[in-house]
Amino acid sequence: MMSGYQIALRNPTVTEYCALRVGAGLSPRSEEIARIALPDTLFAVVVEHRGRAVGMGRVVGDGGTVFQVADIAVLPEHQRRGLGKQILDSIDAWLRHNARPGAFINLFADRGVDSLYARYGFRPRDPQEPGMCYVME
């Protein structure tokens, strides 16, 4: 890892989680839902720089049939240094050790980062088998 950076295998705190999402340009999440969600994380990685959280990634799901890679975020001033790759390397290693054959590994990616995820085997779904979601209003 680059000088001054450290990978911590831990959940972000509620404050870190909310700040990293907003700081990295992801949709904001309230502290209330973060407090509910974070304890149910299967695996998490936080990138720290001089004791401050500057990146994160999580795996959520049922731990058997479905795993979802979520909340991959790196603050803009720390991007383009391989930190996203370090986060995904940690997540990929955990998934390869813990997910059984036949498990679905999912993610929703932002535009322009598909090549980062492709190196880990993620591919767009066939148009005849659409992935769908809705956001609770």
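Counting begins at 1 with the first residue of the sequence.
In this structure, the ring pair (Phe, Tyr, Trp, His ring centres under 6.0 Å) partners of F43, at least two apart in sequence or on a different chain, are W94. The salt bridge (charged side-chain N to carboxylate O under 4.0 Å, His left out) test applied to R100 returns no partner, not counting sequence neighbours.
Closest heavy-atom contact between F122 and I105: CE2-O, 3.6 Å. Shortest non-hydrogen contact noted between I87 and A73 is CD1-O, 4.1 Å. Residues P127 and P130 come closest through the heavy atom pair O-CD, 3.7 Å. Across all non-hydrogen atoms, the minimal contact from A24 to P76 is CA-CD, 4.3 Å. Closest heavy-atom contact between D40 and I36: OD2-O, 3.9 Å. When every heavy atom of F67 is checked against every heavy atom of N98, the shortest pair comes out as CZ-O, 4.3 Å.
Taken together through direct or relayed side-chain contacts under 4.5 Å among Ile, Leu, Val, Met, Phe, Trp and Tyr, L26 and V14 form parts of separate hydrophobic clusters. Both L83 and L75 belong to a single network of hydrophobic side chains, linked directly or stepwise wherever heavy atoms of I, L, V, M, F, W or Y lie under 4.5 Å apart.
A donor-acceptor pair under 3.5 Å links the side-chain atoms of Q79 to the main chain of V74, judged by distance alone. At least one donor-acceptor pair under 3.5 Å links the side chain of E16 to the backbone N or O of T13.
Atom CG of L88 is separated from atom CZ of R119 by 8.5 Å, given to the nearest 0.5 angstrom. Between C18 atom SG and R35 atom CZ the span is 8.0 Å, to the nearest 0.5 Å. Going from atom CD of Q68 over to atom CZ of F108 covers 5.5 Å, rounded to the nearest 0.5 Å.
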Walk me through whether Y5 and R81 qualify under side-chain hydrogen bond (donor to acceptor under 3.5 Å, both in side chains).
CA-CA 10 Å; Y5 291 96; R81 298 176 188 188; 2.6 Å; yes
Y117 vs I72, side chain to side chain contact (heavy atoms under 4.5 Å, CB included): CA-CA, chis, key distance, verdict
CA-CA 11 Å; Y117 296 114; I72 305 297; 3.5 Å; yes
Take Y17 and N11 through the side-chain hydrogen bond (donor to acceptor under 3.5 Å, both in side chains) test and state the conclusion after the steps.
CA-CA 9 Å; Y17 176 82; N11 250 340; over 6 Å; no
Verdict with reasoning, V47 to Q86, per side chain to side chain contact (heavy atoms under 4.5 Å, CB included):
CA-CA 9 Å; V47 178; Q86 293 289 321; 5.5 Å; no
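Atom CZ of R80 has 12 or fewer neighbouring heavy atoms from other residues, nucleotides or ligands inside a 6.0 Å radius. A 6.0 Å sphere centred on CD of E32 holds no more than 12 heavy atoms belonging to other residues, nucleotides or ligands. Within 6.0 Å of the CD atom in E129, the count of heavy atoms belonging to other residues, nucleotides or ligands exceeds 12.
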All N/O donor-acceptor pairs, side-chain side in residues 56-63, below 3.5 Å, sequence neighbours left out:
| residue | atom | partner | partner atom | Å |
| --- | --- | --- | --- | --- |
| R58 | NE | D71 | OD2 | 2.7 |
| R58 | NH1 | T41 | OG1 | 2.5 |
| R58 | NH2 | D71 | OD2 | 3.0 |
| D62 | OD1 | G64 | N | 2.8 |
| D62 | OD1 | T65 | N | 2.8 |
| D62 | OD1 | V66 | N | 3.0 |
| D62 | OD2 | T65 | OG1 | 2.6 |

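The side-chain heavy atoms of V45 and L9, taken from C-beta on, include a pair separated by under 4.5 Å. Contact of the Y120 side chain with the K85 side chain is registered, since non-hydrogen atoms from C-beta on lie closer than 4.5 Å. Taking 4.5 Å as the limit, every side-chain heavy atom of P28 sits out of range of all side-chain heavy atoms of R21.
In this structure, R10 pairs ionically with E48, as a charged nitrogen and a carboxylate oxygen lie closer than 4.0 Å.
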